[in-house]
**Student:** 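Before I ask anything, let me first share the structure, which is written out below as C-alpha cells.
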Amino acid sequence: MPTLREALEQPGRYASDPCDVAVAGAGHAGCEAALAAARLGFSVRLFTLNLDAVANLPCNPSIGGTAKGQLVREIDAMGGIMGRLADETFLQFRMLNASRGPAVRSPRMQVDRRRYQAAMKRSLEAQPGLQLRQGEITALLVGRAPDRPGGPALRIEGVLTRTGAVHPCRAVVVATGTYLDARIVIGELSYPGGPDGLFPALGLGGCLRSLGLPIQRFKTGTPARVHRRSLDFSAMEIQPGDARVVPFSFSHEDDPAWSRRPQLPCHMVWTTPETRSVILSSLHRSPLFSGAIEGTGPRYCPSIEDKFVRFPDKERHQVFLEPTGAETDEIYLQGFSSSLPEEIQVRMVRSLPGCARAEIMRTAYAIEYDCLDPTCLRPSLESRTVGGLFFAGQVNGSSGYEEAAAQGLLAGLNAARSLAGRPAVVPDRSEAYMGVLVDDLVTKGTREPYRMMTSRAEYRLVLRQDNADLRLRPMGWKAGLVDAADQERFLEKQARIAAERDRCTRVRIAAGPGSARVLESLGSTPLPPSASATLSELLKRPEIRYDDLAPLDPGRPSLPDSVREQVEILVKYEGYIAREEERIERFRRLESRRIPPGIDYSALAGLRLEARQKLAALQPGSLGQAARISGVSPADISVLMVLLEARKGDDRDP
C-alpha cells in the first residue's frame, strides 16, 4: 500500500483538502458513523458512489423487527439518528410479539423509502463539519505506526479516490455494505453490480487484501417489486398497523401526535401449490443450486426457492405485500426473495393469490459481495493491524440496516475518540444488544450473514426495547452525542419512574367490598378480611396491570404511558430482574479481569495448542471475552486466571 507521500508523487494525482475522518459508504452504517464523528467536533468527509443513494433501503422498506427494533431504540438512546427519521417517515407500525413478555417485544415500522433517504441526506447536509461527497474510495494510504506493545504496525494517512484525488485524513471508517466487488446474479445471468442497479465498489477490496485483512464472500438477495394497479387486494388478507404507535425515538414518546398518525395497510397471502410446482421444477436454473453462487447466504432470511428445498414438509409459505412509499405504486413482496431467471419469477409471482395479472417493476436478484472476517477487529471496531482504520456494517459480515447503523454509530464515535486520545466506548453484552452484536462479530466471527435475534442476548429481560434510554442514555450523554434537551427529558422521566415505584411500595389497599369488587372483575382473588396489600404487591399478580388499579388508587399522579409502562414492568418482574442482575454481576467480574495487550500466548505453559492459537489471533481484552472464543475451554480460562493472579502488579507479561 502506498503512503500519503508516495500517492501524491504518482502521475494524475492531486491533493484535496485534509479532513479528520473519511467514511467510505453512505449507507446506514456510514451515515451514523459520519454524523457521530462530526457531532464530536471533527471534520468528516462522507464518500458515496451516488448522492441519490444515500441511506438506501434496497432489501426491504422497513426498519426494526424482532431484536432489530431493540437496536434502533438503542441507537436513538445513544444519540443516533435512525429512529428519529423512521418516526418521521413511517407508513405503518406494528409491535411484534406484543402478546408475549416485554423481553421479546420488538417495534417495526414500514417507512417511506424515498422520504427516509431525503431526510437522511438533509441531516447530513445540515451537520456542521460534515462534507457529503460523491466519489469512490479505491485505496487506503498507510504509513508506519509508532512502535508499542500490542499496537498496530501501520497507520492510516489518507484515502485515494477513483478520480485521482488524495484526501489526507487521520482515521477511516469503511462502511461499503454489499457493494465491495459485488456481483448481481439472476438465473444464468451474472454481472458486476451493486444493489438497485448501482455500480459496485471496485478496487478497495484488493487494497484490504493487500493489507493482510481476511476477506470472505457472502450473498444476500431481494424480492421483486410489483405495480399496485395490477393486484387484486380483495383476494388478500389485510394487515393493518397497531392502533397505538410507539415511536422509535425517545424524543417523540408520549407525544399524542405520534400515536395517532395515519397508516397504510399491508397485505398477506400464502404461496399456492402452483407456486411450489413452478419453483421446484425450475431448481436446475437456480444459481443457488447450480453452483453459480459462491457466497454464503443468510440462514434466517432464505430465498423462496431455498425455503421449499430446506423445509419440504411445508406446503406453503407466507408472503407480505408492503408499500414502499406514499407517493409510489411499488409494492414489495416480503418473504419472496429469489435469484431464479426473470421469466420464472413472472410465473412465481402470478401464482400468488391476487397476483394473477401482476406487473413486475423490479426483478428479484441475488448479490454476492466481499466482507471481512470481523475477528480481525478490536471491540472498538478498529483494525488490529492498521491504526485508525475502522469497519462498520455489512462489510463486517452482518446483515440488516439496523445492525449496520448500530456498528456505524460505535465506529464513528470510536474513530473520533481515538483521534482525541480517549478510550473507546464499547457497550458490553449486559448493557446493550449492540454490545452483543459487536462482541459476537469480533470474538466469535461469522461464516454467514449475521442477523441479530433476541435469543443471542443472554440478558434479554434487562435489554428490552422499552428501557433502552434507561440503559444507554447516560453513556450517550457522557460520550457527547446526546443533546441537552434530550438529556433533560430523560432525567425527568427517570425521576418520575423512581418516585412512582416508591409510592407503589407505600400505598396500601385495604380489604373491603370496593377492593373485592375491583379485584374480582380482574379475575383476581380478593384480599382476606382485615388484610391489606401495597400497590406493588397487587401489581405482581399476573392478571393485574398498572392501569387496572386506578379505581383503587385515587391519589395516583397523572403519568405518561412510558412511565406507567416502566413502573409496571419493574414491579411485576422485580424478582426475575433481580436474578438477571446477579448473573450480570458474575459476567462483569470476568469482564473486569483485563488481559494486557501483546501477550505471547505461545509461551504460556498449561494452555492447549488450539487455545494458544485462538488467543494469539484474537488478543482478547478480558477473561470474559477470552471465555467466549470458540476453542478456548473453561480449563484454559482457569490457567489464564492463575497466571494473571500470579503476575498481578507485575509489569511483565504472564
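Atom set for the values below is all heavy atoms of this structure, side chains included, hydrogens, waters and symmetry mates excluded.
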**Student:** Less than 3.5 Å apart, any donor N or O on the side chain of Gln566 or Asn467 sitting next to an acceptor on the other?
**Tutor:** no

**Student:** Is there a donor-acceptor contact under 3.5 Å linking the side chains of Glu402 and Tyr433?
**Tutor:** no

**Student:** When you measure from the centre of the six-membered ring of Tyr332, is the NZ or CZ of Arg113 closer than 6.0 Å and no more than 45° off the axis?
**Tutor:**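 No, cation not above the ring by the 6.0 Å, 45° rule.
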
**Student:** Indicate yes or no: does Arg357 engage Asp232 in a salt bridge with an N to O separation below 4.0 Å.
**Tutor:** no

**Student:** So, taking the atom named OG in Ser62 and the one named CD in Gln334, what distance separates them when rounded to the nearest 0.5 Å?
**Tutor:** 6.0 Å

**Student:** Before accepting this row, confirm whether a basic side-chain N of the pair Glu125/Lys121 lies closer than 4.0 Å to the acidic partner's carboxylate O.
**Tutor:** yes

**Student:** Under a plain distance cut-off of 3.5 Å, with no hydrogens placed, do Arg316 and Gln318 share a side-chain donor-acceptor pair?
**Tutor:** no

**Student:** Would you call Glu327-Arg115 a salt bridge at under 4.0 Å N-O?
**Tutor:**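 Between Arg115 and Glu327 there is no salt bridge, as every charged N stays at least 4.0 Å from the carboxylate O atoms.
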
**Student:** Where do Ser338 and Gln345 land on the side chain to side chain donor-acceptor pair (under 3.5 Å) test, with the steps shown first?
**Tutor:** CA-CA 8 Å; Ser338 177; Gln345 291 187 34; 4.7 Å; no

**Student:** Is a side-chain donor-acceptor pair under 3.5 Å present for Gln70 with Arg73?
**Tutor:** no

**Student:** Between the side chains of Thr222 and Arg225, does any donor sit under 3.5 Å from an acceptor?
**Tutor:**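 Result is yes, a qualifying pair exists.
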
**Student:** For Asp483, is there an ion pair with Arg39 - N to carboxylate O distance below 4.0 angstrom?
**Tutor:**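 Not counted as a salt bridge, because no side-chain N and carboxylate O are separated by less than 4.0 Å.
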
**Student:** I need the single residue from Arg228, Arg362, Arg114, His227 that forms a side-chain hydrogen bond (donor to acceptor under 3.5 Å, both in side chains) with Glu330. Which is it?
**Tutor:**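 With Glu330 as partner, side-chain hydrogen bond (donor to acceptor under 3.5 Å, both in side chains) holds for just one option, Arg362.
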
**Student:** Measure from the ring center of His317 to the ring center of Phe336 and say whether it is less than 6.0 Å.
**Tutor:** no

**Student:** Taking the six-membered ring for Trp, are Tyr401 and His28 parallel (under 30°), tilted (30 to 60°) or perpendicular (over 60°)?
**Tutor:**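 Answer is tilted, since the angle falls between 30° and 60°.
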
**Student:** Should the heavy atoms of other residues, nucleotides or ligands under 6.0 Å from CZ of Arg310 be counted, would the total exceed 12?
**Tutor:**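 Yes, CZ of Arg310 has more than 12 neighbouring heavy atoms, counting only those of other groups under 6.0 Å.
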
**Student:** I'd like to know if the side chain of Thr328 reaches the main chain of Gly325, judged simply by a donor and an acceptor atom lying under 3.5 Å from each other, with no hydrogens or angles considered.
**Tutor:** no

**Student:** Does a salt bridge link Lys493 with Asp254, judged by any charged N lying under 4.0 Å from a carboxylate O?
**Tutor:** no

**Student:** Should Arg489 and Asp469 count as an ion pair when the cut-off is N to O under 4.0 Å?
**Tutor:**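 Asp469 and Arg489: not salt-bridged.
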
**Student:** Return yes if a side-chain donor-acceptor contact under 3.5 Å exists between Ser398 and Asn396, otherwise no.
**Tutor:** no

**Student:** Atom OG1 in Thr48, atom CG in Asn56: separation rounded to 0.5 Å?
**Tutor:** 9.5 Å

**Student:** Any salt bridge between Asp547 and Arg545, counting N to O under 4.0 Å?
**Tutor:**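 Answer for the salt bridge query: no.
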
